[in-house]
Amino acid sequence: MEKKVISEAVIKRLPKYYRQLRLLSEQGQAKVSSHALAQMLGITASQVRQDFCNFGGFGQQGYGYDVEKLKGELGAILGLTKEYAMIIVGAGNIGRALAGYQGFGKYGFRVKALFDAAPASDRVGELPLYSMDRLESYLRAETIDMAVIATPKQVAQQVADRLTELGVTMIWNFAPIDLTVQPGVVIENISMSESLLVLSYRANENKD
């Protein structure tokens with residue numbers, strides 16, 4: 001049976017649904033309607049139902065969604081039923097900021113170590129910081145699911161190639177260049193400058 005292709009727009013809304021359901025769960029709310037969920041996210045109830053229908057639907061019409069059940073279903077779809085061990089390559093400002101972010105843990109992402117071409121110390125907070133010449137031996141000894149690339153753009157593709165050759169199958173790229181990877185490896189290219197330009201565009205449109 002051919003696997004259904006889910007649009008990027010739907011995929012990008014899934015974390016927003018999950019985050020809102022976590023909040024409702026923490027507040028002790030047991031049920032939520034598609035209308036209420038849509039209002040929280042600034043979309044239509046029809047859009048919520050259409051998005052969920054991509055995965056078979058999760059509620060009974062007229063009764064709303066069970067918050068805990070829906071959170072669990074979306075968590076499974078997002079792959080949050082396991083923990084992911086991750087490393088950060090590049091210990092500059094972005095790499096160190098990501099290493100210090102405490103929010104990854106609640107979704108099961110655990111930073112294990114950082115690597116840098118010229119490390120100025122042997123630790124970033126409580127995390128070990130290694131030289132890049134130790135990358136191969138570390139990845140052969142440890143099971144790492146994901147790598148964050150926070151290097152200068154000139155070396156980012158080389159780093160990505162090196163990581164995938166060593167068996168890393170997930171890359172979160174913060175280098176200011178879109179990277180390409182071999183089949184079987186998933187990558188998310190994050191461009192902070194593009195996001196800033198989108199913000200500028202929206203502000204300019206509002207003025208008009």
Side-chain angles (χ1 to χ4, degrees), residues 3-88 93-112 114 124-127 144-148 150 170-174 186-192 194-196 198-203 205-206:
K3 189 175 182 180
K4 184 174 182 178
V5 176
I6 307 299
S7 75
E8 281 295 315
V10 173
I11 293 169
K12 289 183 180 297
R13 281 193 290 272
L14 291 179
K16 299 179 187 295
Y17 292 129
Y18 185 79
R19 182 179 60 202
Q20 192 60 53
L21 288 163
R22 277 183 62 96
L23 180 60
L24 293 175
S25 175
E26 289 167 2
Q27 294 171 345
Q29 187 166 325
K31 292 274 188 180
V32 64
S33 67
S34 57
H35 179 73
L37 197 52
Q39 282 190 318
M40 294 168 194
L41 298 177
I43 57 178
T44 66
S46 175
Q47 184 68 74
V48 172
R49 292 191 292 269
Q50 287 177 33
D51 287 352
F52 290 170
C53 278
N54 283 287
F55 306 97
F58 304 112
Q60 187 174 351
Q61 192 167 357
Y63 290 89
Y65 302 104
D66 181 291
V67 169
E68 286 299 325
K69 183 178 179 182
L70 181 56
K71 180 165 71 73
E73 295 274 8
L74 292 182
I77 290 167
L78 288 165
L80 302 181
T81 55
K82 60 166 285 186
E83 284 201 351
Y84 297 91
M86 55 195 282
I87 60 170
I88 297 173
N93 291 335
I94 293 175
R96 287 172 178 269
L98 292 170
Y101 179 59
Q102 300 299 310
F104 295 139
K106 66 183 179 181
Y107 296 111
F109 294 88
R110 309 287 179 186
V111 180
K112 299 294 187 180
L114 291 88
V124 173
E126 298 181 356
L127 296 169
I144 297 297
D145 305 290
M146 172 182 170
V148 178
M170 299 167 64
I171 292 178
W172 198 19
N173 173 42
F174 283 83
V186 292
I187 185 167
E188 180 75 7
N189 290 300
I190 305 297
S191 175
M192 289 184 282
E194 286 181 13
S195 181
L196 183 61
V198 169
L199 177 64
S200 176
Y201 167 82
R202 289 174 176 164
E205 283 292 288
N206 283 341

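These figures come from a predicted structure and were not determined experimentally. All values below were derived from every heavy atom in this structure, side-chain atoms included, with hydrogens, water molecules and symmetry-related copies excluded.
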Which atom pair, heavy atoms only, marks the closest approach of [X] to [Y]?
{"X": "Gly95", "Y": "Leu114", "answer": "O-CD2, 3.9 Å"}
{"X": "Met192", "Y": "Ile94", "answer": "CE-CD1, 3.3 Å"}
{"X": "Ile144", "Y": "Ala85", "answer": "CG2-O, 3.6 Å"}

Holding to ring pair (Phe, Tyr, Trp, His ring centres under 6.0 Å), I want the full list of residues that pass it with Phe52, two or more places apart in sequence or in another chain.
Tyr17, Phe58, Tyr65

Under 3.5 Å, which donor-acceptor pairs link side chains of residues 68-84 to any protein atom two or more places apart or in another chain?
residue : atom : partner : partner atom : Å
Glu68   : OE2  : Ser25   : OG           : 2.2
Glu83   : OE2  : Arg110  : NE           : 3.3
Glu83   : OE2  : Arg110  : NH2          : 3.3
Tyr84   : OH   : Gly79   : O            : 2.6

Please lay out, stage by stage, how Phe55 and Ile6 fare under the test side chain to side chain contact (heavy atoms under 4.5 Å, CB included).
CA-CA 9 Å; Phe55 306 97; Ile6 307 299; 4.1 Å; yes

Set of residues satisfying side-chain contact (heavy atoms from CB on, under 4.5 Å) with respect to [X], sequence neighbours excluded:
{"X": "Ala147", "answer": "Ile87, Leu163, Val168"}
{"X": "Ile190", "answer": "Trp172, Phe174, Glu188"}
{"X": "Ser195", "answer": "none"}

Could you give the distance from [atom1] ([X]) to [atom2] ([Y]), rounded to the nearest 0.5 Å?
{"X": "Arg19", "Y": "Lys106", "atom1": "CZ", "atom2": "NZ", "result": "9.0 Å"}
{"X": "Leu98", "Y": "Ile88", "atom1": "CG", "atom2": "CD1", "result": "5.5 Å"}
{"X": "Met86", "Y": "Met146", "atom1": "CE", "atom2": "CE", "result": "4.0 Å"}

Excluding sequence neighbours, so at least two apart, what forms side-chain hydrogen bond (donor to acceptor under 3.5 Å, both in side chains) with Asp66?
none

Sequence neighbours left out, cut at 3.5 Å: what donor-acceptor pairs do the side chains of residues 32-48 make with other protein atoms?
residue : atom : partner : partner atom : Å
Ser33   : OG   : Ala36   : N            : 3.0
Ser34   : OG   : Arg49   : NH1          : 2.9
Thr44   : OG1  : Gln47   : N            : 3.0
Ser46   : OG   : Gln50   : NE2          : 2.9
Gln47   : NE2  : Asp51   : OD1          : 2.9

Check whether more than 12 heavy atoms from other residues, nucleotides or ligands sit under 6.0 Å from atom CD of Gln27, and answer yes or no.
yes

Donor-acceptor contact below 3.5 Å, side chain Gln102 vs main chain Gly100:
yes

State which residues pass salt bridge (Lys or Arg N to Asp or Glu O under 4.0 Å) with Glu26; sequence neighbours excluded, sorted by chain then number.
Arg22

